[in-house]
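Below is one structure, written out as structure tokens; comments come after it.
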Number of protein chains: 2
Amino acid sequence: MIDYSRDGADIYRRSFAIIRAEADLSRIPADLEKLAVRVAHSCGMVDVINDLVFSPQAGAAGRAALAAGAPILCDCKMVAEGITRSRLEGGNPVICTLADSGVPELAREMATTRSAAALELWRPMLAGSVVAIGNAPTALFRLLEMLDGGAPRPALILGFPVGFVGAAESKQELAENSRDVPFVVVRGRRGGSAMTVAAINALATERE
Amino acid sequence: MIDYSRDGADIYRRSFAIIRAEADLSRIPADLEKLAVRVAHSCGMVDVINDLVFSPQAGAAGRAALAAGAPILCDCKMVAEGITRSRLEGGNPVICTLADSGVPELAREMATTRSAAALELWRPMLAGSVVAIGNAPTALFRLLEMLDGGAPRPALILGFPVGFVGAAESKQELAENSRDVPFVVVRGRRGGSAMTVAAINALATERE
């Protein structure tokens with residue numbers, strides 16, 4: 001037998017304790033503290049907390065929307081798959097339109113990526129939703145364009161696209177002009193579905 | 001209109017070019033080069049390549065197994081969900097047993113996590129499989145215990161559990177004694193489902 005902890009609850013507790021001991025959380029508002037800790041937990045990096053950028057209303061707006069059952073609109077299936085359903089006390093629908101049959105054709109017509117085109121199918125659900133972008137910079141850019149064009153406002157945008165082309169730029173665009181929508185981003189190249197899932201899981205319930 | 005690239009293929013090409021320009025790939029064997037680039041791509045961090053540890057046979061063993069249709073055994077649904085099916089030229093089954101109905105009871109009996117207990121259901125499929133662990137350190141520890149107990153050998157272990165308790169330790173245990181199974185790990189706390197998916201997607205086909 002190898003010596004290691006087999007107690008899931010204990011592993012969570014110790015993990016969060018390590019993060020809180022190592023992290024500088026002084027900049028993080030109380031209602032985003034658990035989000036910051038869970039985002040660090042999801043990627044194994046405490047210093048990612050230093051790259052969180054957020055609007056002052058983000059924590060309250062996200063909690064209220066999730067508690068009220070707002071739909072969670074995800075840019076990729078990994079985000080939709082990772083959200084812990086038992087934490088969604090509002091019974092929120094978790095929606096990813098990327099694999100919808102009309103999306104490839106829509107992407108050709110719009111001359112954009114499937115990830116961006118898939119957002120057209122979000123329009124009827126956008127008002128008051130929680131948007132969770134954990135993969136595609138083009139999805140976040142497109143959302144901002146839709147808001148510029150008068151699309152209904154989500155309650156919160158979690159902007160965590162990842163990568164080397166457009167990720168940092170799309171998050172900077174959101175942080176500099178969030179179109180009156182509360183937001184949380186991790187600036188720079190880092191991001192991804194696990195961090196996005198962690199953010200949703202943190203805002204959905206006070207349970208650690 | 002915001003100015004950004006909307007061409008998915010172009011975004012991929014430019015992303016991989018940036019990684020190859022910034023990364024030190026001198027230590028990476030030719031048959032793991034695309035894996036290294038995709039792993040960096042998945043997390044937005046070029047320096048993660050410096051933390052890759054692997055056995056010399058890993059690239060060849062993984063490619064051969066995947067091409068022959070070996071099952072891909074995943075510790076969590078995010079990994080199973082993220083693997084691009086159109087890249088699986090061997091038509092490989094992608095299997096995650098974590099949500100199987102018997103797993104919670106099995107975890108109680110075994111006094112371990114559900115992630116570790118779920119591996120009991122892998123036994124009939126282990127021989128020659130590709131194991132993709134992208135979340136739970138306890139799953140990787142348990143796999144090593146099963147191998148110590150005489151379980152059939154996978155063709156390749158991708159060890160990318162993430163976090164603060166057991167992740168670094170489980171990967172170090174594998175790297176120091178891989179029980180005669182080829183492996184790739186990212187040492188330390190970093191890891192996760194996106195990196196694991198990237199590794200599978202890279203080994204499954206030569207297409208970039």
Side-chain angles (χ1 to χ4, degrees), chain A residues 1-8 10-12 14-19 22 40-46 76-82 107 110-116 134-138 141-142 144-145 148 161-170 173 188-195 197, chain B residues 1-2 4-8 10-19 22 40-46 76-82 107 110-116 134-138 141-142 144-145 148 161-170 173 188-195 197:
Chain A
M1 296 274 280
I2 308 171
D3 179 29
Y4 62 96
S5 174
R6 292 164 174 78
D7 176 346
D10 176 61
I11 293 169
Y12 264 101
R14 286 167 53 201
S15 298
F16 292 154
I18 291 169
I19 295 164
E22 293 186 14
H41 180 248
S42 72
C43 61
M45 297 180 288
V46 165
C76 66
K77 287 174 83 174
M78 285 178 75
V79 171
E81 193 56 58
M110 296 171 64
T112 190
T113 64
R114 288 186 300 121
S115 294
N135 182 40
T138 54
F141 274 130
R142 180 63 194 148
L144 297 177
E145 288 178 341
D148 287 341
V162 59
F164 296 85
V165 174
E169 296 85 344
S170 61
E173 175 69 30
R189 291 171 169 180
R190 291 190 291 185
S193 47
M195 291 188 206
V197 164
Chain B
M1 296 275 280
I2 307 171
Y4 63 94
S5 173
R6 292 164 174 77
D7 176 346
D10 176 61
I11 293 169
Y12 263 101
R13 269 193 305 272
R14 286 166 54 201
S15 299
F16 293 154
I18 291 169
I19 296 164
E22 293 186 12
H41 179 249
S42 72
C43 61
M45 297 180 288
V46 164
C76 66
K77 288 174 83 175
M78 284 179 75
V79 170
E81 193 56 58
M110 295 171 64
T112 191
T113 64
R114 287 187 299 121
S115 294
N135 182 40
T138 55
F141 274 130
R142 180 63 193 148
L144 298 176
E145 288 178 341
D148 287 340
V162 59
F164 297 86
V165 174
E169 297 85 344
S170 62
E173 175 70 30
R189 291 171 169 180
R190 290 190 291 186
S193 47
M195 292 188 205
V197 163

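First the proteins, then the strands, lettered A, B, ... as listed; each starts at 1. Predicted model, so just to flag it, every value in this text is computed and none were measured. Any value given below was found using the heavy atoms of this structure, including those in side chains, with hydrogens, waters and symmetry copies removed.
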Open item on the list: Please classify the contact of A116(A) with chain B as side chain, backbone, both or neither, using a heavy-atom distance under 4.5 Å.
Closed with: neither
Task: 4.5 Å side-chain heavy-atom contact, M45(B) and M45(A) - done: yes
Task: Side chains of V46(A) and F164(B) in contact at under 4.5 Å (non-hydrogen atoms) - done: yes
Task: Contact class of A167(B) relative to chain A, heavy atoms under 4.5 angstrom - done: neither
Task: Region of V197(B) that comes under 4.5 Å of a non-hydrogen atom in chain A - done: side chain
- [ ] For each of R14(B), M110(B), M195(B), tally heavy-atom pairs with chain A at distances under 4.5 Å, and name the one with the top tally.
- [x] R14(B)
Task: Chi angles and distances behind the side chain to side chain contact (heavy atoms under 4.5 Å, CB included) call for H41(A), V165(B) - done: CA-CA 10 Å; H41(A) 180 248; V165(B) 174; over 6 Å; no
Task: R142(A), part contacting chain B, at a heavy-atom distance under 4.5 Å - done: both
Task: Residue among N135(A), I19(A), V79(A) with most heavy-atom pairs under 4.5 Å to chain B - done: I19(A)
- [ ] Can you establish whether the number of heavy atoms outside Y12(B) located under 6.0 Å from its atom OH is more than 12?
- [x] no
Task: Check: S193(A) and M78(B) side chains under 4.5 Å, non-hydrogen atoms - done: yes
TODO: Side chain from CB out, backbone as N, CA, C, O: work out which of these in I2(A) comes under 4.5 Å of a heavy atom of chain B, or both, or neither.
DONE: both
- [ ] Select one option (side chain, backbone, both, neither) describing which atoms of S42(A) are under 4.5 Å from chain B's heavy atoms.
- [x] backbone
TODO: With a 4.5 angstrom heavy-atom cut-off, could you sort out which part of E169(A) is near chain B: side chain, backbone, both or neither?
DONE: neither
Open item on the list: I want to check something: taking the side chain as every heavy atom from C-beta on, are T112(B) and D7(A) in contact at a cut-off of under 4.5 Å?
Closed with: no
Open item on the list: Does any backbone or side-chain atom of I18(B) lie under 4.5 Å from a heavy atom of chain A? Answer side chain, backbone, both or neither.
Closed with: side chain
Open item on the list: For R114(B), is the CZ atom crowded, meaning more than 12 foreign heavy atoms sit under 6.0 Å from it?
Closed with: no
- [ ] Compare all side-chain heavy atoms of F141(B) with those of M1(A) and state whether any distance is below 4.5 angstrom.
- [x] no
